[in-house]
Amino acid sequence: FWILANVLLITLIHQVINAVSKVFTSVVNLPYWPQFWMAVGAAIIYGTMLGLIDYTIERKLTVRLSLGQRILLKTLAYTGALVIIIGVTIYLHRLVFAETFARMGLAMTMESELGWAAVLSIYCVVANLLISFIKQVNNTFGPGVLMPLLLGRYRKPVVERRIFMFMDLRASTTYAEQLGHLKYSSMVRDLFHDVNTMVPKHDAEIYQYVGDEVVFTWSVPDGLH
């Protein structure tokens with residue numbers, strides 16, 4: 001996602017400056033491919049940082065943190081990662097194109113660097129909102145649902161061959177009587193959390209929760225595999 005997003009950004013910037021240079025001949029565009037590879041490198045680093053943040057918070061700290069605490073922690077971590085990647089990108093840009101600027105008798109000023117930092121910040125915030133929306137849809141409805149939803153495929157019923165698996169807690173009544181309703185509810189919550197961490201590893205979708213039961217589903221090829 002971030003490779004595509006960064007390549008789109010750098011391509012748009014390059015084309016805009018190229019169009020402006022046709023009108024104002026004093027404007028000189030920078031070489032495209034060095035910027036392209038810098039964008040790809042920044043995307044890989046930034047995407048990896050966000051992935052590690054998500055993994056740490058969602059997989060390791062979900063049980064101990066409330067939803068509000070997770071959102072706050074993610075916001076702070078995302079902001080820190082954004083500041084680091086923008087700072088490194090501008091610094092590398094200055095190093096890579098120092099000779100090009102020198103030949104043109106130009107130099108990057110603090111004002112211009114802050115301007116580019118603002119552009120990158122706004123773009124990254126919008127891209128983060130987009131990817132957060134996609135992830136939220138996947139978490140709510142299951143992976144692979146967003147595109148059919150956007151294309152309106154669910155407006156017309158169709159017949160599908162699916163494989164289902166029903167899994168519930170063994171001796172749940174005994175557990176409920178021994179633990180009491182509060183501890184029993186906590187145990188079921190922990191059970192669902194553990195199940196959710198395993199679902200992606202087996203290409204399954206969670207169809208629904210029913211009490212202490214989880215209903216999984218697969219397409220026939222995935223399920224048979």
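Numbering of residues begins at 1 and proceeds along the displayed sequence.
- The other residues sharing a hydrophobic cluster with L151 are M147, where clustering joins ILVMFWY side chains under 4.5 Å apart.
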Please evaluate residues W116 and I13 with respect to the criterion side-chain contact (heavy atoms from CB on, under 4.5 Å), reporting the C-alpha separation (whole Å), side-chain torsions for both, the decisive distance (0.1 Å), and the verdict.
CA-CA 11 Å; W116 281 114; I13 290 174; 3.6 Å; yes
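- Annotation for I131 and W2: closest pair CD1-NE1, 4.4 Å, computed over non-hydrogen atoms.
- E111 CD: 12 or fewer foreign heavy atoms inside a 6.0 Å radius.
- Within the 4.5 Å cutoff, side-chain heavy atoms of Q35 are placed close to those of F97.
- In terms of heavy atoms, A39 sits closest to N6 at O-ND2, 3.1 Å.
- With hydrophobic clusters built from ILVMFWY side chains whose heavy atoms lie under 4.5 angstrom apart, L92 shares a cluster with I84.
- The other members of the hydrophobic cluster of F164, by chain and number, are F166, Y207, V215 (side-chain heavy atoms under 4.5 Å, ILVMFWY only).
- There is a path of hydrophobic side-chain contacts, each under 4.5 Å, that joins V23 to V28.
- A heavy-atom distance below 4.5 Å is not found between the side chains of M198 and D194.
- No side-chain heavy atom of M165 sits under 4.5 Å from any side-chain heavy atom of H202.
- Residues D54 and Y78 are in side-chain contact: their nearest non-hydrogen atoms beyond the backbone lie under 4.5 Å apart.
- Hydrophobic cluster membership for V40: I3, V7, I10, Y32, W33, F36, W37, I44 (Ile, Leu, Val, Met, Phe, Trp, Tyr linked by side-chain heavy atoms under 4.5 Å, directly or transitively).
- The ring pair (Phe, Tyr, Trp, His ring centres under 6.0 Å) test applied to F101 returns no partner, not counting sequence neighbours.
- Pairs passing the side chain to side chain donor-acceptor pair (under 3.5 Å) check and including a residue from residues 163-187, sequence neighbours excluded, read S172-D212.
- Nearest approach of F192 to E213, heavy atoms of both residues: CZ-O, 4.2 Å.
- For the ring pair (Phe, Tyr, Trp, His ring centres under 6.0 Å) test, no residue two or more places apart in sequence or in another chain qualifies with F1.
- A pairwise comparison of heavy atoms in S121 and I86 identifies OG-CD1, 3.2 Å as the closest pair.
- L73 is not connected to V83 by any chain of hydrophobic side-chain contacts under 4.5 Å among Ile, Leu, Val, Met, Phe, Trp and Tyr, and they are in different clusters.
- By the rule that hydrophobic residues join a cluster once side-chain heavy atoms approach within less than 4.5 Å of another member, V199 and V220 end up as members of one cluster.
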